[in-house]
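Atoms within a ligand are numbered from 1 in the order they appear, just like the ligands themselves. Because the structure is predicted, anything quoted here is derived from the model rather than measured.
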Amino acid sequence: MRTRFAPSPTGFLHLGGARTALFNWAFARKAKGTFVLRIEDTDPLRSREEFVQAICGDLAWLGVDWDEGPDRGGPFGPYRQSERGAIYEEFLRRLQREGYVYPCYCTAEELEREREEALEEGRPPRYSRRCLFLTPEERRVLEKEGRKPSWRFRVPPGRTVTVEDLVRGQVSFTTDTLTDFVLVRSDGLPTYNFACVVDDALMRITHVLRGEEHLPNTPYQVLLYEALGFPPPLFAHVPVILSPNGTKLSKRHGDTSLRFFREEGFLKEALLNYLLTLGHSFPGGKEILPQEELVSLFDLKRISKSNAVFDIARLTWMNRMYLRELPLEVLRERVQAFAGATWEVWEKILGEERLLRLLALFQEESSTLKDLVSSLSLALGETKTLAGENETLLPALSLALSRIPEDTFEDETRLQEELRRAQKASGIPPRMFYRTLRVLLIGREEGPELHRLLWALGKRRVLESLEKFTQRAGSGHGDSTIQYPDP
Ligand code: GLU
């Protein structure tokens, strides 16, 4: 069993592409088959090396590994279409010899005119086959004019091409609605349909799982397999991903690249899980599954025939679940990578152990790495503001907290009692006491329980924070309105 993912490097890997890759990958891994990565870069104007790198990098980040591909080689390489020109030429010659193709000298303008005429007359635009009937003499004249032909496949009339699609069931096309499609353009470059069929055949791909938008290409590809004498693979066309308002998910709905979600602080585990539940369901309606099960329970029969809707709220929920479960050491690596050099600044402020305590507290309430990093920035940054009437509470707050013995800060249970006592002793009403203190310590009113924050931060940092505010308030730098920064 051999599957493949065949991206065109004309942009970043988007969610739909990542899902296609994952479906092919999971399907191959489950069957202990082979998963191939092939780069479809026949369009030199739109293909860019940086996108090849970005796509490979994002797939690897997600945890998708391939057995054969441009970077690893394999028995059926090269795995970049731009390096397979000689192979396509050879197959074109074979089709020429056997009379499956004919040269077409029509210019882009002529074809466009034909297309417009057809549309005006309400006919579906199909190539008129004008060049099919040229005499050898007419061809010679056109060649003399310097015209370079493209090569079109002669679609047999009056036939029905049937595809047994593993998701959609039997889908039939009558060849009378198909057009004589171009295999090789006048500049010598192969088209997608041609290169794809030659490669899938030579790379011995047994199953093609891809987006439904390629279903209309499938009858053309099936005709080509026939002409080349290769058995076609099995096809499975996966319904497209829709935005919540029912249109096809695209850039219009914000950035839909995998990289965007990566940069927004989503975890690879959550994205992998989420994408495998997008248009594919697991037994018992389970939504979160261990990775082994995501693979072992993946089943083409469980791919939905109807379109999947991308739901950012569900992805965010899933991410939160995964984030919560990450072992602290792993979380630390992820946050450190996400925060970059700032992590060291925080370590200097708080020391490693306390920073990890704070990290663990924020872990429980954050949905993404980005949330977590902004909570830490706010808590350990200098941007907290406290003003107006609350400033007058500072001396009482400081005094009450300074009386809590230092070693109590290491004991969460005792700290909880001491904090209650400190509040009573301060004479500040409980809600105001806790709210003000939380703003002072982490820059916002809501957040982890206070005694746990004190435990994480330690007495020194707590008193320092209060001190800083007292100084600022005393030097008149405080605002006169109550202002809490956005969390
Ligand atoms: N290069 C094509 C794409 O990116 C591949 C389609 C296919 O899987 O056949 O859409």
>> Would you call the rings of F153 and Y100 parallel, tilted or perpendicular, taking 30° and 60° as the class edges?
In response: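 Taking Y100 first and then F153, their aromatic rings lie parallel (interplane angle under 30°).
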>> Can you tell me how the ring of W343 sits relative to the ring of W346, calling it parallel under 30°, perpendicular over 60° and tilted otherwise?
In response: perpendicular
>> Under the rule for salt bridge (charged side-chain N to carboxylate O under 4.0 Å, His left out), what residues qualify as partners of R185, not counting sequence neighbours?
In response: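 R185 satisfies salt bridge (charged side-chain N to carboxylate O under 4.0 Å, His left out) with D187 only.
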>> Under the rule for salt bridge (charged side-chain N to carboxylate O under 4.0 Å, His left out), what residues qualify as partners of R140, not counting sequence neighbours?
In response: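 Partners of R140 under the salt bridge (charged side-chain N to carboxylate O under 4.0 Å, His left out) test: E137.
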>> Under 4.0 Å from a heavy atom of C196: which atoms of ligand 1 are those, numbered in the order shown and with their elements?
In response: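 Every atom of ligand 1 under 4.0 Å from some heavy atom of C196: 9 (O).
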>> Out of all atoms in ligand 1, which are within 4.0 Å of some heavy atom of R210? Include the element for each.
In response: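 Checking each atom against R210, I get 7 (C), 8 (O), 9 (O).
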Who's the nearest protein heavy-atom neighbour of [atom], and how far?
{"atom": "atom 10 (O) of ligand 1", "value": "H214 NE2, 2.8 Å"}
{"atom": "atom 5 (C) of ligand 1", "value": "A6 O, 3.2 Å"}
{"atom": "atom 1 (N) of ligand 1", "value": "E40 OE1, 2.6 Å"}
{"atom": "atom 9 (O) of ligand 1", "value": "Y192 OH, 2.5 Å"}

>> Any atom of ligand 1 sitting under 4.0 Å from a heavy atom of F5?
In response: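 No, F5 has no heavy atoms under 4.0 Å from ligand 1.
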> Is ligand 1 less than 4.0 angstrom away from at least one heavy atom of R4?
Replying inline: yes
> How many angstroms lie between CD1 in I442 and CG in L378, if you round to the nearest 0.5 Å?
Replying inline: 7.5 Å
> Would one find an N or O of S8, backbone or side chain, under 3.5 Å from an N or O of ligand 1?
Replying inline: yes
> Distance under 6.0 Å and angle within 45° of the ring axis: does R302 meet both against F298?
Replying inline: no
> Is R152 positioned over the aromatic face of Y127, cation under 6.0 angstrom from the ring centre and no more than 45 degrees off axis?
Replying inline: yes
